[in-house]
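Worksheet: one structure, shown below.
Just follow the structure's listing: the first ligand is 1, and inside any ligand the first atom is 1. Count residues from 1 along the sequence. Values reported hereafter were calculated over all heavy atoms of this structure, with side chains retained and with hydrogens, waters and symmetry mates removed.
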Amino acid sequence: MNKRKEIFLKDYTKPAFAIERVDLVFDLYEEYVIVTNTMECKKLDAKTDDLNLHARDLELESLHLNDLQLQESRYVVTEESLCVLNVPETFRIKIVNKIYPQNNTELEGLYKSGDIFCTQNEPEGFRSITPYLDRPDVMSVFTTTVIAEKEKYPVLLSNGNKTQCHEFFNDKGRHGVSWHDPHPKPSYLFALVAGNLGSISDEFTTASGNLVALNIYCDLGNESKCTHAMKSLKEAMLWDEEKYGREYDLDIYNIVAVDSFNMGAMENKGLNIFNSAYVLADEDTATDANFMGIQSVIAHEYFHNWTGNRITCRDWFQLTLKEGLTVFRDQSFSADLNSAAVQRIEDVKALRERQFVEHASPTAHPIQPKSYISMNNFYTATVYEKGAEVIRMMHTLLGEQNYRKATDLYFEHFDGQAVTTDDFVWAMSEASGIDLEPFKVWYHQSGTPKLHVHKNFAKGVFTLELTQEIPNAVNGAKQRAYFYPLKMALFAKDGKEILAKTLSISKMQETFLFENLAEEPILSINRDFSAPIIVQEEHVDFAFLMQYDTNSFTRYEASQNFALQTIESLIQGDAINEAFVKAYGYILDLDVDTSYKALLLELPSISTLMQRQKVIDFDVIYGAKEQLAQHLAVTYEAKLLALYRENHEPQSQHLDADAMGKRSLKNRVLRILAAKDSSVVQELAQKQYDTSVTMTDRVVALDVLENSASDYRKVAFEDFYAKYKEQTLVMNKYFSLLSASHREGVLQRVIQLQEDSAYDEKVPNLVRSLIGVFARNYKYFHAKDGSGYKFVAEKIIAIDKINPQMASGLAGAFKIYDKMNEENKVLLKKELECIISTQSLSKNVFEIIDKILN
Ligand code: 0A1
Ligand code: ZN
């Protein structure tokens, strides 16, 4: 049974006990696992008599206090706890309990991914392994012994350094390995792995000269697909030393790739466990985006070693303390190693597509939420990506040097502690001398702030009047003005930059004057997306900014806004704005970095368009975007074809910026051309599928074929299936392509694909690829006969019984409810009510659906 109790930040109290050392022994068998947990505890609060440990469905074998077996009268077991009554000031407690990882489909705690035993304990999985004070502010030194059958599980891993190998354990055929982690850590960072794994190894020497052994483990046979992850790990280790002065602190760093994993990866101390999608890659099976994703997630988990593990969160309301900061760090790393301009645009795109949508929905919450029912629901784009924007703003306000001084202070002052976001802001302020009290609203308010920009020019003076519009909180409460850095520049009509500066915005309304100007300047505002806001500005000369803006972000922004304006006027029934078409042609000729050019040429996503509509009708939005795309494809057919040919290198598998940029531009062009479904484009796609040697090219070709009238579609998909059906990571792409299709009959095909032997409802990646992608295929999910809603609702109910976290992820697709047109709303409501009235619905799904309905 899942208790639907709401937990509040304001109710936080300090732990009543410390666990100074914990010694764990895992006896792994095929049907069950025996866990022996010995803890050395100390009372911290003299007023507390009982040790109340978190537990989940505990099957207790025995309980000893200071070596004496406890009578049943001395403890109480409930569904969610083990309470040991009347404990002394300091004591040792030994708990033996039995668990069943083989039956664990929730993928939380100790479970099996295929034949591999593995763990996922963040945020509260540890309590289902053994009773514990399973909260991040209880940090302890862990020793772990893992025992299993040697032949089936030759590799036995846990956190920290390996201390002992036990060749034979009790009976022959079983062996054991002991691990010791000297760094005190919370239980959510505990990890264990046992399996018959392949691996690759390397080493890294830290700036202080310590040698670190690096290992990446995977299913046997996949070893050669781990090299990009290993390269990325070494890049991340070096970068953290150079940029943040942070060195690694154990003799060994292990990464294990597993196929069944709820999220991307987990930063367990010295033993990261990864969704195999973020480890395994080679040129034949992974796209360029996959390679980039691996680099960034490997770095993210590595960076957590300091921002999350050495300094952790006091409670789960502080999650953004480690996640916002670590995302900012991984974004900076990727920007330094690749194109900074492209990285910034991609990050902002992701923020707008996921986080802005969340902030405009009933599940909106501040980066530091005030309450939760299921903490699992708060690993959100808001806590992560908006959290990163909040750190980025402090970085901008402080400047690079002061920011480094501040992070040095943070690491020095709070090392080994579990702290709050206030502690982080304190360090930023203390080191820089900047008063950041007004900045803290970013942690406590939800919704995306708007900034209205009014411009005036008279007598050589340019007046900029800025007015903040702050959305109310979800409960209707008024919210305060924000404090943020706003980068801006002014340009002369000939394209010369007159000035560039960073304004500091803090009031509801502010006016800035720029004097002694010879002519009316052109404004470029929120450069680099210096604040996560929506700028509302009228009379913008988009074409000018597309041509002259020296900031790569605002230049891109101008092209997007111009396209948005053009599509929106089509939605209103106006004709195509030829000024936009002309500006688009200008970009086609532009001599800029190819990957940046690919972004400039992309039309705004359906999600972006949707967010700007008061009442959503997807058919209308798709129609308008399609109309513009077709017009561009027809107008610039010759130019686009030439650009395609110039950049198409079918035999290149290189992963350098030049090769990836060319692929990105060429594939963008192919997609634009595909808006006019001509035989020329179909042939290009066919040829690209047949002759290209990269997965990037194949996936784009398949996508174009799938959405065209080409007969070759069937041939190509069959060929693809035959080649890759044994490779789950590639099959994810196959399912996604078919689920995202715009062709008639998608839903029927998705239903059938569930029966495919490559599909498995217990593997989150596959569910996300087939069902999750369908739920974001707006055209068919929002079908006017309600079939899309009904299908997804039924899947949520069914999957909730297997894996509640996966189910609540799918439920996110319904967040759009409030903004839909009346007709769709009626259909949606029926399904939402059906979900919420389901018997024994998990608290995860309940929390999401309840918010949407109320
Ligand atoms: N801390 C991890 C993300 C993560 C969170 C929860 C998980 O399971 C419930 C798994 C992973 C990260 O930020 O990478
Ligand atoms: Zn993280």
Exercise for review: Could you tell me which atoms of ligand 1, counted from 1 in the order shown, lie closer than 4.0 angstrom to a heavy atom of E301?
Suggested key: 12 (C), 14 (O)
Practice item. Identify, by atom number and element, the atoms of ligand 1 in contact range of Q805, meaning under 4.0 Å from any of its heavy atoms. Key: 8 (O), 9 (C)
Practice item. For E267, take its heavy atoms, then give the atoms of ligand 1 lying under 4.0 Å from any of them. Key: 1 (N), 2 (C), 12 (C), 14 (O)
**Study point:** Per-atom contacts, ligand 1 versus K322 - under 4.0 Å to a heavy atom
**Key:** 1 (N)
Practice item. Just jot down the ligand 1 atoms closer than 4.0 angstrom to any heavy atom of Y384, in number order. Key: 1 (N), 2 (C), 3 (C), 12 (C), 13 (O)
Point to revise | Atoms in ligand 1 flagged as close to M263, the criterion being non-hydrogen separation under 4.0 Å | key: 4 (C), 5 (C), 6 (C), 7 (C), 8 (O), 10 (C), 11 (C)
Check your understanding: What's the shortest heavy-atom distance between M230 and L214, and which atoms?
Key -> CE-O, 3.5 Å
**Study point:** Angle subtended at the Zn ion (ligand 2) by NE2 of H300 and NE2 of H304, nearest 10°
**Key:** 100°
Study note, to complete from the structure: Quick look: E323 vs ligand 1, heavy-atom contacts under 4.0 Å, and the answer is side chain
Check your understanding: On the ring face of F142, is K185 found with NZ or CZ under 6.0 Å from the centre and within 45° of the axis?
Key -> yes
Exercise for review: Without swapping roles, check the side chain of S199 against the backbone of N215 for a donor-acceptor pair under 3.5 Å.
Suggested key: no
**Study point:** ligand 1 contacted by E108 (non-hydrogen, < 4.0 Å)
**Key:** no
Review point. For ligand 1, is there an atom lying under 4.0 Å from some heavy atom of G264?
Key: no
Point to revise | Heteroatom distance test (N376, ligand 1): nitrogen or oxygen, under 3.5 angstrom | key: no
Review point. Between W239 and Y244, is the ring centre distance below 6.0 Å?
Key: yes
Review point. Counting backbone and side chain alike, does E323 bring an N/O/S atom below 2.8 Å of the Zn ion (ligand 2)?
Key: yes
Check your understanding: Looking at the rings of F317 and F8, which for Trp means the six-membered one, are their centres under 6.0 Å apart?
Key -> no
Practice item. Have a look at Q120, E122, E106 and point out the one with the heavy atom closest to atom 1 (N) of ligand 1. Key: E122
**Study point:** Distance filter under 4.0 Å to H304 heavy atoms, resulting ligand 1 atoms
**Key:** 12 (C), 13 (O)
Study note, to complete from the structure: Test ring-ring contact (aromatic ring centres under 6.0 Å, His included), reference F303, set F333, F328, Y248, output is F333
Practice item. Classify the contact between M375 and ligand 1 as side chain, backbone, both or neither, using a heavy-atom distance cut-off of under 4.0 Å. Key: neither
Check your understanding: Can you check whether P123 has an N/O within less than 3.5 Å of an N/O in ligand 1?
Key -> no
Check your understanding: Can we say R310 and D249 salt-bridge, meaning some charged N sits less than 4.0 Å from an Asp/Glu carboxylate O?
Key -> yes
Review point. Does K234 make a cation-pi contact with F204 (under 6.0 Å, within 45 degrees of the axis)?
Key: no
Exercise for review: Decide, yes or no, whether a salt bridge links R354 with E385 under the criterion of side-chain N to carboxylate O below 4.0 Å.
Suggested key: yes
Exercise for review: Please step through side-chain hydrogen bond (donor to acceptor under 3.5 Å, both in side chains) for the pair S296 and S334, ending with a clear verdict.
Suggested key: CA-CA 6 Å; S296 126; S334 296; 4.7 Å; no
